[in-house]
Amino acid sequence: MQWQAAIGFAKKDSALRDQADAILGALAPRIGKIFTKYVGPMGSPLVFAHAGPQGARPDASPASRSIEKADLIKGRQVFNGTCAHCHGPNAVVAERRINLRLLREKYGDKMDHAFFATVTNGRPRKGMPTWKNIFSHQDFVNILSYLKTVQVSR
């Protein structure tokens, strides 16, 4: 099932609207990860937008600000349009050696470095082409940020 959802508030309930915006804003990264993990293959990732009169967002933590620099939707689109033929749609693939949902488990703190080294230089002996002349650095940032939302542990 897929549907669009919205929350409406009467003008006199601006405090309630602001409170709901703050709560949803704070929960958006967690909800997005859950959505991607359990529902993502059926539709686009869930995105929350503040529709208040000033368009102001609740203060974001430094960690969430760094995630905002990447576009998870674009990362997922590029991944599914290019990488999915080997690594599976939404990174779901049975073959462990090409399962990108296990990057954190396999590389730990070196996950980012391993990802960038692999996509820019390729691994020709293993069938992985180099993508540095095809995609921009921002594309790689977007893809990696998307992949971070689908990591699993075994």
Side-chain angles (χ1 to χ4, degrees), residues 1-7 20-52 55-154:
M1 296 188 321
Q2 294 184 21
W3 63 91
Q4 296 291 323
I7 302 172
D21 283 342
I23 291 169
L24 289 174
L27 291 174
R30 185 172 179 199
I31 293 170
K33 286 179 183 179
I34 292 168
F35 183 83
T36 300
K37 183 174 182 181
Y38 294 105
V39 185
M42 294 170 35
S44 297
L46 188 59
V47 177
F48 288 97
H50 182 281
R57 290 194 51 209
D59 289 338
S61 69
S64 66
R65 279 196 297 270
S66 66
I67 291 171
E68 288 175 353
K69 292 177 185 174
D71 188 325
L72 298 176
I73 294 172
K74 285 183 181 176
R76 181 174 181 242
Q77 289 171 341
V78 172
F79 181 88
N80 281 331
T82 305
C83 311
H85 70 279
C86 289
H87 297 286
N90 298 304
V92 176
V93 66
E95 193 173 342
R96 185 174 175 83
R97 71 180 184 88
I98 59 171
N99 186 344
L100 299 183
R101 289 178 175 246
L102 300 173
L103 288 174
R104 185 171 290 124
E105 182 179 290
K106 186 173 183 178
Y107 296 105
D109 293 341
K110 296 180 177 161
M111 177 179 155
D112 291 16
H113 175 75
F115 172 83
F116 281 103
T118 302
V119 296
T120 56
N121 301 320
R123 290 187 177 165
R125 291 184 188 150
K126 295 183 177 188
M128 175 71 178
T130 178
W131 295 102
K132 67 182 169 192
N133 296 322
I134 308 298
F135 293 111
S136 70
H137 178 75
Q138 186 61 48
D139 290 327
F140 293 140
V141 169
N142 294 342
I143 294 167
L144 178 60
S145 294
Y146 166 68
L147 288 174
K148 286 180 177 182
T149 69
V150 297
Q151 294 303 295
V152 296
S153 298
R154 298 240 175 196

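- For R125, there are no salt bridge (Lys or Arg N to Asp or Glu O under 4.0 Å) partners two or more places apart in sequence or in a different chain.
- Scanning all heavy atoms of the two residues, the minimum distance from V150 to A91 falls at CG2-CB, 4.2 Å.
- The side chain to side chain contact (heavy atoms under 4.5 Å, CB included) check on T130 picks up K132, with sequence neighbours excluded.
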Residue pair Q138, V141: steps toward the side-chain contact (heavy atoms from CB on, under 4.5 Å) verdict: CA-CA 5 Å; Q138 186 61 48; V141 169; 3.9 Å; yes
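- Here the straight-line distance linking atom CD of Q77 with atom CD1 of I143 works out to 11.0 Å at 0.5 Å rounding.
- Atoms CG and CG, from L102 and L147 in turn, are 11.5 Å apart once rounded to the nearest 0.5 Å.
- Note that CZ of F115 is 5.0 Å distant from CG of L144, once rounded to the nearest 0.5 Å.
- In this structure R104 satisfies the side chain to side chain contact (heavy atoms under 4.5 Å, CB included) test together with M111, K148, Q151, sequence neighbours excluded.
- Rounded to the nearest 0.5 angstrom, C83 SG and M128 CE are separated by 6.5 Å.
- In this structure, N99 contributes its side chain and R96 its backbone to no donor-acceptor pair below 3.5 Å.
- Considering all non-hydrogen atoms of both residues, P124 and G122 come closest at CD-C, 3.6 Å.
- For N142 and S145, the side-chain atoms include no donor-acceptor pair closer than 3.5 Å.
- Side-chain N or O atoms of H87 include one that pairs as donor or acceptor with a backbone N or O of I98 at under 3.5 Å.
- Summarising the geometry, atom CD1 belonging to I134 is positioned 9.0 Å from atom OG1 belonging to T82; distances are rounded to the nearest 0.5 Å.
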side-chain contact (heavy atoms from CB on, under 4.5 Å) assessment of N90 paired with R101: CA-CA 9 Å; N90 298 304; R101 289 178 175 246; 4.2 Å; yes
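- Partners of K110 under the side chain to side chain contact (heavy atoms under 4.5 Å, CB included) rule, at least two apart in sequence or in another chain, do not exist in this structure.
- Partners of F116 by ring pair (Phe, Tyr, Trp, His ring centres under 6.0 Å), not counting sequence neighbours, listed by chain and number: H137.
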